[in-house]
Amino acid sequence: MKYVKNIIVCFLLFSCSNLGEKKNKIELYSNNYISSKSKNNIGVINLDTVENFSELSKAMGKLSCDKRISGLRFELNDSIYNLIGYSDCPNHGEIGCFFTPNILKIRNDSLILGYGKEKSSKPISYLKQELNNIIDNPNNYQVNKNKLKPAVIYLYVDDKYPISTTKEVLKEITKEFLFINNSKHSEYFKYTVLFTGYDITKIPPPPLPPSANE
């Protein structure tokens with residue numbers, strides 16, 4: 001009987017010690033995070049300290065006004081994510097222009113594809129398939145180079161969604177691009193995540209060029 005009691009006590013002590021142990025989280029970095037941080041012009045924002053997308057965008061805009069890059073850091077599940085984001089300085093009244101065929105639009109937790117009648121919405125988990133579609137198109141590559149033209153990701157999240165929605169979207173972006181670049185090389189598919197204060201998916205596409213008969 002005493003032997004059984006000793007076994008029970010040992011089991012309880014072992015269980016309690018395991019409860020006190022914390023599993024080490026995996027640190028993940030976007031391909032441009034470390035290079036940007038080494039330039040000492042990066043300001044790190046912890047997403048776990050902000051309430052919503054607007055608050056985050058304002059903090060990023062302030063860094064842009066100071067000519068600093070926004071480093072974004074957050075915890076999700078068993079990982080810590082570190083990536084770079086961009087937001088225009090509100091004081092300058094300028095909008096950044098990007099010329100690339102590889103444009104992705106994300107609204108809330110959905111990937112928005114196409115324009116007008118062709119516009120459709122996909123869950124953010126579809127990002128992997130869409131990136132593969134871009135990779136499969138030879139027109140999306142830089143001329144005579146084994147790398148794609150950089151992608152621009154327009155991101156807007158309505159404030160009715162908690163910051164956890166933004167974190168989930170950024171997790172998918174970081175994870176999928178890391179997988180692609182790690183399987184090729186770090187310069188293979190560069191990307192920029194542009195945080196916007198408006199829903200770009202509601203802006204109509206540019207008009208078609210006039211036909212030759214007009």
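Computed from heavy atoms alone, side chains included, the values below leave out hydrogens, waters and symmetry copies. Residue numbers run from 1 in the order of the sequence given. Every value quoted in this text rests on a predicted model; they were computed, and no experiment measured them.
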S36 OG to Y29 OH distance, which is reported to the nearest 0.5 Å: 13.5 Å
Check: N77 side chain, S79 main-chain N or O, donor-acceptor pair, under 3.5 Å: no
Greater than 12 external heavy atoms within 6.0 Å of K119's NZ: yes
Heavy-atom pair of closest approach, residues C65 and P90: SG-CD, 3.7 Å
Linked, directly or transitively: I69 and Y154 (ILVMFWY side chains, under 4.5 Å): yes
Derivation of the side chain to side chain contact (heavy atoms under 4.5 Å, CB included) call for I163 and N52: CA-CA 5 Å; I163 195 65; N52 53 41; 5.6 Å; no
For the student: nearest non-hydrogen atoms of S70 and I42, plus distance: C-CG1, 4.4 Å
From CA spacing to verdict: side chain to side chain donor-acceptor pair (under 3.5 Å), S110, N108: CA-CA 6 Å; S110 300; N108 302 324; over 6 Å; no
Same cluster (ILVMFWY, side-chain, under 4.5 Å), I173 and F74: yes
Distance (rounded to the nearest 0.5 Å) between N182 CG and I180 CD1: 10.5 Å
Linked, directly or transitively: V152 and I134 (ILVMFWY side chains, under 4.5 Å): no
Heavy-atom side-chain proximity of N102 to F189 below 4.5 angstrom: yes
Any side-chain heavy-atom pair of V44 and Y33 under 4.5 Å: yes
Minimum side-chain heavy-atom gap Y141-Y188 below 4.5 Å: yes
Any donor-acceptor N or O pair under 3.5 Å, side chains N32, S30: yes
CD1 on I124 to CG on L111, rounded to 0.5 Å: 5.5 Å
Residue pair I112 / I106, side-chain heavy-atom distance below 4.5 Å: no
K25 charged N/C atom sitting above Y81 aromatic ring, 6.0 Å / 45°: no
Intermediate values then yes/no, side chain to side chain contact (heavy atoms under 4.5 Å, CB included), N82 and L28: CA-CA 6 Å; N82 302 271; L28 298 174; 5.9 Å; no
Y115 reachable from Y126 in the ILVMFWY side-chain graph, under 4.5 Å edges: no
Geometric class of the F53/F195 ring pair [parallel <30°, tilted 30-60°, perpendicular >60°]: parallel
T165 side chain to Y161 backbone, donor-acceptor under 3.5 Å: no
Ion pair K175/E172, N-O distance below 4.0 Å: yes
Side-chain heavy-atom pair I103, I153 within 4.5 angstrom cut-off: no
Side-chain donor or acceptor of N132 paired with backbone N/O of K128 under 3.5 Å: yes
From CA spacing to verdict: side chain to side chain donor-acceptor pair (under 3.5 Å), N181, S186: CA-CA 5 Å; N181 289 320; S186 61; over 6 Å; no
Flag side-chain contact, heavy atom, 4.5 Å: V157 against V169: no
R107 with D199: basic N within carboxylate O range, under 4.0 Å: yes
Transitive ILVMFWY side-chain link L127 to Y191, under 4.5 Å: yes
Straight-line distance of K184 NZ to L148 CG, nearest 0.5 Å: 9.5 Å
Distance (rounded to the nearest 0.5 Å) between K62 NZ and R68 CZ: 10.5 Å
Heavy-atom closest pair, residues N31 and L178: OD1-CD2, 3.9 Å
Derivation and outcome, side chain to side chain contact (heavy atoms under 4.5 Å, CB included), residues N133 and L131: CA-CA 5 Å; N133 293 340; L131 292 178; over 6 Å; no
Aromatic ring proximity, centroids under 6.0 angstrom, Y156 and Y198: no
Within 6.0 Å of CD in E118, more than 12 heavy atoms from elsewhere: no
N140 side chain vs P101 backbone, donor-acceptor pair below 3.5 Å: no
D48 with R73: basic N within carboxylate O range, under 4.0 Å: no
Side chains of N41 and K67 in contact at under 4.5 Å (non-hydrogen atoms): no
Value rounded to 0.5 Å, distance of CZ in F179 from OG1 in T174: 15.0 Å
Where E168 and L76 come nearest, the two heavy atoms and their spacing: OE1-CD2, 3.5 Å
Distance-minimising heavy-atom pair for G85 and M60: C-CE, 3.4 Å
Residues, nucleotides or ligands: over 12 heavy atoms within 6.0 Å of K190 NZ: no
Which residues share a side-chain contact (heavy atoms from CB on, under 4.5 Å) with K145, sequence neighbours left out: Q142, K147
Side-chain heavy-atom pair L72, I84 within 4.5 angstrom cut-off: no
Nearest atoms (heavy-atom pairs only) where I45 meets L63: CD1-CD1, 3.8 Å
